[in-house]
Amino acid sequence: MSEVTITINGKQVSVPAGSTILEAAQKLNINIPTLCYCKELGCGVSNKPASCRICLVEATGIRGPRKILAPACATPISRDGMEVWTNSARALKARRTVLELLLSDHPKDCLTCPKNQDCELQKLAAEFGISEIAFKGEKNKIPVDNSSEAIMRDLSKCIMCRRCETVCNKVQTVGALTGYGRGFKAKVGTASMIPLANTSCTFCGQCVNACPVGAITGISYVKKVWSAINDPSKTVIVQTAPAVRVAIGQEFGFKPGQPVTKKLVAGLRALGFDKVFDTNFSADLTIMEEGHEIVERVKSGKNLPILTSCCPGWINFIEHHFPDLLHIPSSCKSPQQMFGAIAKSFYAEKIGVKPEDLIVVSVMPCQAKKYEAARPEFAPNGVRDVDYVVTTRELCRMFREAGINLANMSDDEYDSPLGQSSGAADIFGVTGGVLEAACRSVYYFINGKNLDGDAINFRAVRGLSGVKEAKVELAPGLSINVAVASGLGNARKVLEAVRQDPNRFQAVEIMACPGGCINGGGQPFIHGDTDLLEQRMKGLYSEDEQKSLRLSHENTDIKALYEQFLGEPGSEKAHHLLHTVYHSK
């Protein structure tokens, strides 16, 4: 590709033809403020609709020698000799006017907004030194939509950056959001502004991560969790998902991706939870049930390919978009829901507490887990398996509210009997991890012996690629074709391939979020930082490699659970507690 040379603020820079002014400025380490622009929303998709105009610069050579204002994020450089001024008086005045106009139609509830101190509009207002609203007039007043159990929309705060629309339609291919209305009333919302719960939304939360302001946020249950912790009539236990341990540390000064598992346990205990358990325990339990289901289906050749069912966002997706394939997902509940079911039955009985008096709290990297916990099929006899879900971000706020800094905590261990786990469970948090964990145990279920040495590592299904395909040998003469997809747009590609050729794969793992749970809709914001995702991925694989126990079927607490309570994988009791069915939506 040919290069062109332009001048920015008196400095020359050469960039590939077609690059934007913003990209050229970044090469010179010149900062230009942006709002609607986002380099990476996932799966290689960027957002640059040039709708906010915060990135205006003054330039010549776009339409001849005359100086004009142009959006840096969307103005391509096609010829040599362009001159750009990012800090001219005209450019600075235009940006300030745009920002003041945005603020004039924005609520002033920053202190109580869920995006307080994470809001990009708030940050820009501080950088521009704006202390009063220059323009007075009518404001949009739109009712808050909290119809779902997972995501809240406050479109009074929408700035029409269209990031959420881009990630919903182009990355996830869900199509729940679109531009709606015209002129002053224009917002990004659902078709005809119907409640989000009545759309095809999967509650993956990628729109929450993409939104630069507080127009789309997660619904919080933190107040209810605090109330439960302080209620002496309730026994309150908590479970932590695999991906949380490699994301939460960065909020307290640890290196990105560094596992802080034992400090996380100590912090949760300091918050007042009666017991601290690990969702990894039920991830191992999931492998026991799903692994045996894989063996049965592969041997019988029926209902293939088997699709993993750990991710509620992706389950919502197949229920809405591929109802004709609902016979092939595994019937296993997710690890979160398996944990809740075992806690409200086996554990409640063990400690002599009524299920309704045992409060199960989940710490998850995901918004869809909130929706999943509220599904009616997961509330037998009116008692929910999981009472409340808080995200990684929300737990950070709880720690700060309580004056807890994980960096100052001593190491602590999970409680028994729902705390022991294998390294195979750790890697559930990254794309490919569930399938790898299953293959490790499926090999044992078929051959009666474990994999040796490096063979335990199924590296062909690792990495952040959106779709991965591999051939996996389960026994001498028995190999299966597998696929791994992360991001619902990639899931769509794989499922359409399954529709066309049901025999192409025998097992498929799907995660709703690009990269898996390490990039979940409830994780600390990363704004397209793929290097950070790499660090989180490495952190989970390091957790796996450092454990002496790396196989789910060798978890002694899991073995005891079957011996004392469940019987065997796939038993009637196991099916009643640990399996479910999915429905066309």
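- Side chains of Gln367 and Thr391: no donor on one and acceptor on the other come within 3.5 Å.
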Between Glu372 and Lys369, does a salt bridge (Lys or Arg N to Asp or Glu O under 4.0 Å) hold up when you go through it step by step? CA-CA 5 Å; Glu372 179 187 44; Lys369 288 293 182 184; 3.3 Å; yes

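- When every heavy atom of Thr202 is checked against every heavy atom of Ala368, the shortest pair comes out as O-CB, 3.9 Å.
- Using modelled atom types, no side-chain atom of Ser486 and backbone atom of Pro514 make a donor-acceptor pair closer than 3.5 Å.
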Scan the side chains in residues 471-482 for donor-acceptor partners under 3.5 Å anywhere in the protein, sequence neighbours excluded, and list what turns up.
from, atom 1, to, atom 2, distance (Å)
Lys471, NZ, Asn481, OD1, 3.1

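- Looking only at side-chain heavy atoms (C-beta outward), Leu464 and Ile518 come within less than 4.5 Å of each other.
- A donor-acceptor pair under 3.5 Å is absent between the side-chain atoms of Ser465 and the main chain of Val467, judged by distance alone.
- For the pair Thr190/Thr178, no side-chain contact is recorded, criterion being any heavy-atom separation below 4.5 Å from C-beta on.
- In this view, Arg393 satisfies the salt bridge (charged side-chain N to carboxylate O under 4.0 Å, His left out) rule with no residue, not counting sequence neighbours.
- Side-chain atoms of Ser422 and Asp284 include a donor-acceptor pair closer than 3.5 Å.
- Residues Arg397 and Glu251 are not paired through a salt bridge, judged by the lack of any N-O separation under 4.0 Å between the basic side chain and the carboxylate.
- When atom types are taken as modelled, the side chain of Gln172 and the backbone of Leu488 share a donor-acceptor pair closer than 3.5 angstrom.
- In this structure, the ring of Phe277 has its center less than 6.0 angstrom from the ring center of Tyr347.
- Within the structure, salt bridge (charged side-chain N to carboxylate O under 4.0 Å, His left out) pairs that include any residue of residues 310-321 comprise Glu319-Arg375, Glu319-Lys585 (at least two apart or interchain).
- Pairing each heavy atom of Lys468 with each of Ala460, the nearest pair is CB-O, 4.3 Å.
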Show, in sequence, the C-alpha distance, side-chain angles and deciding distance for Lys344 and Asp387, and conclude whether the salt bridge (Lys or Arg N to Asp or Glu O under 4.0 Å) test is met. CA-CA 11 Å; Lys344 293 288 181 85; Asp387 296 280; 3.1 Å; yes

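- When side chains are defined from C-beta on, Met511 does not count as touching Val430, because their heavy atoms never get closer than 4.5 Å.
- The neighbour count for Glu572 CD, taken as heavy atoms of other residues, nucleotides or ligands under 6.0 Å away, does not exceed 12.
- Considering all non-hydrogen atoms of both residues, Cys204 and Cys513 come closest at O-SG, 3.9 Å.
- Nearest approach of Pro242 to Phe428, heavy atoms of both residues: CG-CB, 4.0 Å.
- A donor-acceptor contact under 3.5 angstrom links the side chains of Thr392 and Gln523, judged on distance only.
- With hydrogens and angles disregarded, no donor-acceptor distance shorter than 3.5 Å links the side chain of Ser441 to the backbone of Ala438.
- No side-chain donor-acceptor contact under 3.5 Å links His320 and Ser200.
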Determine whether Val390 and Val225 satisfy the following criterion, side-chain contact (heavy atoms from CB on, under 4.5 Å), listing intermediate values before the conclusion. CA-CA 9 Å; Val390 297; Val225 173; 4.0 Å; yes

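- Considering only heavy atoms from C-beta on, Gln206 stays 4.5 Å or farther from Val171 through its side chain.
- Donor-acceptor pairing under 3.5 Å is lacking for the side chains of Gln239 and Gln336.
- Under 4.0 Å is where a charged nitrogen must lie from a carboxylate oxygen, and between Arg499 and Glu496 no such pair does.
- Looking at Tyr414 and Gln420, their side chains never come closer than 4.5 Å, going by heavy atoms from C-beta outward.
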Steps toward side-chain contact (heavy atoms from CB on, under 4.5 Å) verdict (His321, Leu495): CA-CA 10 Å; His321 296 268; Leu495 292 175; over 6 Å; no

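- Note on Lys115 versus Asp154: no salt bridge recorded, every NZ/NE/NH1/NH2 to OD/OE distance being 4.0 Å or above.
- Counting non-hydrogen atoms of neighbouring residues, nucleotides and ligands closer than 6.0 angstrom, the OH atom of Tyr444 reaches no more than 12 such neighbours.
- Remark: Arg462 is positioned above the aromatic ring of Tyr541, its terminal NZ or CZ atom under 6.0 angstrom from the ring centre and at most 45 degrees off the axis.
- No side-chain heavy atom of His553 sits under 4.5 Å from any side-chain heavy atom of Ile558.
- The two atoms that bring Cys168 and Leu177 nearest to each other are SG-N, 3.8 Å, heavy atoms only.
- Crowding of Asp501 atom CG: a count of heavy atoms from other residues, nucleotides or ligands under 6.0 Å exceeding 12.
- Side chains of Asn457 and Arg550: a donor on one and an acceptor on the other come within 3.5 Å.
- Of the possible donor and acceptor atoms, none in the side chain of Asp145 sits under 3.5 Å from a partner among the backbone N and O of Met152.
- For Ser542 against Pro259, the heavy-atom pair with the smallest separation is OG-CG, 4.0 Å.
- No donor-acceptor contact under 3.5 angstrom links the side chains of Lys333 and Ser282, judged on distance only.
- Put simply, the side chain of Lys187 never gets that close to the backbone of Tyr180: no donor and acceptor are under 3.5 Å apart.
- Between the Thr173 side chain and the Asn169 main chain, no donor and acceptor come within less than 3.5 Å of each other.
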Applying side-chain contact (heavy atoms from CB on, under 4.5 Å) to Ile287 and Leu551, what does each step give before you reach the verdict? CA-CA 9 Å; Ile287 292 302; Leu551 301 166; over 6 Å; no

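- At least one donor-acceptor pair closer than 3.5 Å links the side chain of His292 to the backbone N or O of Met288.
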Could you check Glu436 against Arg440 for salt bridge (Lys or Arg N to Asp or Glu O under 4.0 Å), going step by step and ending with a plain yes or no? CA-CA 6 Å; Glu436 178 172 353; Arg440 292 179 185 180; 2.9 Å; yes

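- At distances below 3.5 Å, at least one donor-acceptor pair connects side-chain atoms of Ser300 with backbone N or O atoms of Lys302.
- A donor-acceptor contact closer than 3.5 angstrom links the side chains of Tyr221 and Glu149.
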Working for side-chain contact (heavy atoms from CB on, under 4.5 Å), residues Ile151 and Asn146: CA-CA 7 Å; Ile151 293 175; Asn146 55 8; over 6 Å; no

Apply salt bridge (Lys or Arg N to Asp or Glu O under 4.0 Å) to Glu394 and Lys370, showing your working. CA-CA 13 Å; Glu394 290 166 344; Lys370 298 182 179 186; 2.9 Å; yes

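- Checked for salt-bridge contact, Glu469 and Arg504 meet the test: a charged N lies under 4.0 Å from a carboxylate O.
- Using a cut-off of 4.0 Å between Lys/Arg side-chain N and Asp/Glu carboxylate O, Arg297 and Glu293 are scored as salt-bridged.
- Side chain of Thr279 to backbone of Thr240: a donor-acceptor contact under 3.5 angstrom is found.
- Note that SG of Cys38 and CD of Glu120 are 7.5 Å apart. Values are rounded to the nearest 0.5 Å.
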Show, in sequence, the C-alpha distance, side-chain angles and deciding distance for Thr261 and Glu543, and conclude whether the side-chain hydrogen bond (donor to acceptor under 3.5 Å, both in side chains) test is met. CA-CA 9 Å; Thr261 312; Glu543 285 279 273; 2.8 Å; yes

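- Counting only heavy atoms from C-beta outward, the side chains of Leu435 and Phe458 never approach each other to under 4.5 Å.
- Residues Gln250 and Gln535 fail the side-chain proximity criterion, which asks for heavy atoms closer than 4.5 Å.
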